[in-house]
Protein chains: 2
Amino acid sequence: MKLAVSGKGGVGKTTFAALLIRTLNDRGKHVLAIDADPDANLAAALGIPNADKITPIAEMKDLIFERTEARPGSIGGFFKLNPRVDDLPEALSAKLDNIKLMRLGGVQKGGSGCICPESTLLRALVTHIVLARDEVVVMDMEAGIEHLGRATASAVDKLIVVVEPGRRSIDTAEHIHKLASEIGLKTIAVVGNKIRSKKDEEFLKKHLNDFEFLGFIPYDDALIEADLDGVSPFDIDSAAKTYVSEMISILNFS
Amino acid sequence: MKLAVSGKGGVGKTTFAALLIRTLNDRGKHVLAIDADPDANLAAALGIPNADKITPIAEMKDLIFERTEARPGSIGGFFKLNPRVDDLPEALSAKLDNIKLMRLGGVQKGGSGCICPESTLLRALVTHIVLARDEVVVMDMEAGIEHLGRATASAVDKLIVVVEPGRRSIDTAEHIHKLASEIGLKTIAVVGNKIRSKKDEEFLKKHLNDFEFLGFIPYDDALIEADLDGVSPFDIDSAAKTYVSEMISILNFS
């Protein structure tokens, strides 16, 4: 089972991914968790100690040079388009129980021009993870599906887009839908988060009527407090856990 | 006066920028509003009609070719690094009262490789806007300062980072602080948004004690409702307006 989680920044995507992964782990699954959003911290949300100390793959300059034969930051020139990556999930992941976590990191855009060796390595890694691993894989992605392509689209069992009651989160969901269709990824579902009332639920259903809804998660101050206290949302008492657990039943894990 | 607004996705950065711009407009200022966050919609938050119909500059392929002499999406090759841009703010902005809005759009990253003509044009445009315009300029940026560089840093009067009570928004603020220091941009201030209690305020002050605080804005369901109803936060009754107005006094506009 390969799951990708996406959505606009701030909708609770990483909180949802962490609850999903911890619940699966609780049920005895081995999960490979991929943090592919440079603006999130899945490791911290999972409750992995010293989450901030994990070096993202994109910042491992020696590894990138070793595998692609090109220096990060170099523009043009030649480098390997199919670097070896199959050993990386074992070698470079942080562990918690039966969860292995990899942090991909971001490709610096700023003033440094077009950086390609890093993105080539990340893309090869994601392709390997989606196509060749037999663990349950959960990927926490940016507001997009940057690392996925035609080759990997058919192997993703479900792309879950998290939305909140807010127009931009809906726009982002539609944008992700479009990007997904372009690469042939058709199994998309939506999770409504931060639901304050039936009205919020209806608003999302009305504006996203072309999507399958996996479920809704109520707004809960306790989730904000958990974040402020540096505690995993799975390790507190919140109704969100029950709702995510029900969604996993719908997803029908073998 | 040149202001840049940044912060993690979902913290209310665009709502804040819209309140800032509309308040300045209300006081008789001419404001050039720059939407530099592909994941936001500043035009809609300002209350500009048909905001979704505004084509971002990055998607104007003919313009990009005309100015840079390179086709968008092309990799390598040569193109003008200093395209003409000084006519664009007049020619390509949407108007509301004395506000001129430009939407920059995003540079597609996905599978399309390294795209440089677009980002070159955007960067030249931002440099022009920051260095050569005499209106008040407010830029709504992504969780970073991508379009700014050493040349423009000293002309930015204040980089305002919006944060909410949440660990990742603090991490993002620290990250932006670091990027800003690297290019010599030193005039940073923080605005705390979605404040539910004195405890939230203390949390932010404690974790961002190396920042100047411009002020705090209380959590307000009315702002969510305004967004759901497609109404500018400036056109509803919310305490946020008063708080933003006070911050403008601190910023000391001439």
Side-chain angles (χ1 to χ4, degrees), chain A residues 7-14 37-41 44-45 52 75-77 106-111 113-116 119-120 123 142-150 164-172 175 179 182-183 194 196 199-200 203-204 207 221 223-230, chain B residues 7-14 37-41 44-45 52 75-77 106-111 113-116 119-120 123 142-150 164-172 175 179 182-183 194 196 199-200 203-204 207 221 223-230:
Chain A
K8 182 182 180 303
V11 296
K13 187 172 55 69
T14 300
D37 182 353
D39 208 28
N41 190 339
D52 291 327
I75 301 171
V107 175
Q108 291 287 335
K109 288 162 275 171
C114 310
I115 307 182
C116 291
S119 45
T120 301
R123 183 110 176 201
E142 298 185 84
I145 47 171
E146 190 170 342
H147 299 293
L148 296 176
R150 287 198 176 275
E164 65 177 11
R167 286 193 180 262
R168 294 307 296 170
S169 93
I170 286 169
D171 294 345
T172 302
H175 180 64
L179 290 174
E182 283 168 10
I183 59 166
K194 302 189 198 171
R196 296 164 304 159
K199 197 184 144 203
D200 280 351
F203 178 87
L204 291 174
H207 285 88
D221 268 328
L223 295 173
I224 302 178
E225 297 308 328
D227 175 57
L228 298 186
D229 297 339
Chain B
K8 184 181 178 304
V11 296
K13 185 171 57 70
T14 301
D37 182 354
D39 208 29
N41 190 339
D52 292 328
I75 301 173
V107 176
Q108 291 288 336
K109 287 164 273 167
C114 309
I115 305 179
C116 294
S119 45
T120 301
R123 184 108 175 201
E142 300 184 85
I145 46 171
E146 192 169 341
H147 300 293
L148 296 176
R150 286 195 177 275
E164 66 179 11
R167 286 194 178 262
R168 294 307 295 170
S169 93
I170 286 167
D171 293 347
T172 301
H175 181 63
L179 291 174
E182 283 167 11
I183 59 167
K194 303 189 196 170
R196 297 164 303 159
K199 197 183 146 203
D200 280 351
F203 179 86
L204 292 175
H207 285 88
D221 268 327
L223 295 173
I224 301 178
E225 298 307 329
D227 175 58
L228 298 187
D229 296 338

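Everything numeric in this text was worked out from a predicted model, so none of it was measured. By convention in this document, chain letters (A, B, ...) are assigned in the order of the sequence lines, proteins followed by strands, and residues within each chain are numbered from 1.
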For this session: Counting only heavy atoms closer than 4.5 Å, note whether A:D221 contacts chain B via side chain, backbone, both or neither.
Result: both
For this session: Could you tell me which of B:G230, B:G9, B:G10 has the largest number of non-hydrogen atom pairs under 4.5 Å with chain A?
Result: B:G9
Exercise. Looking at side-chain heavy atoms only, is the closest gap between B:R196 and A:I224 below 4.5 Å?
Worked result: yes
Seminar exercise, completed: If one checks every heavy atom of A:D37 against chain B at 4.5 Å, the contacting part turns out to be neither
Exercise. A:R150: what forms a side chain to side chain donor-acceptor pair (under 3.5 Å) with it, not counting sequence neighbours?
Worked result: none
Seminar exercise, completed: Here the pair of heavy atoms bringing B:R167 nearest to A:D229 is NH2-C, 3.9 Å
Problem set entry | Heavy-atom pair count under 4.5 Å with chain B, highest-scoring of A:A45, A:G149, A:A40 | A:A40
Problem set entry | Closest-packed option against chain B by number of heavy-atom pairs under 4.5 Å, given A:H207, A:K8, A:E164 | A:K8
Exercise. Between atom OG1 of B:T172 and atom CG of A:N41, what is the distance when rounded to the nearest 0.5 Å?
Worked result: 10.5 Å
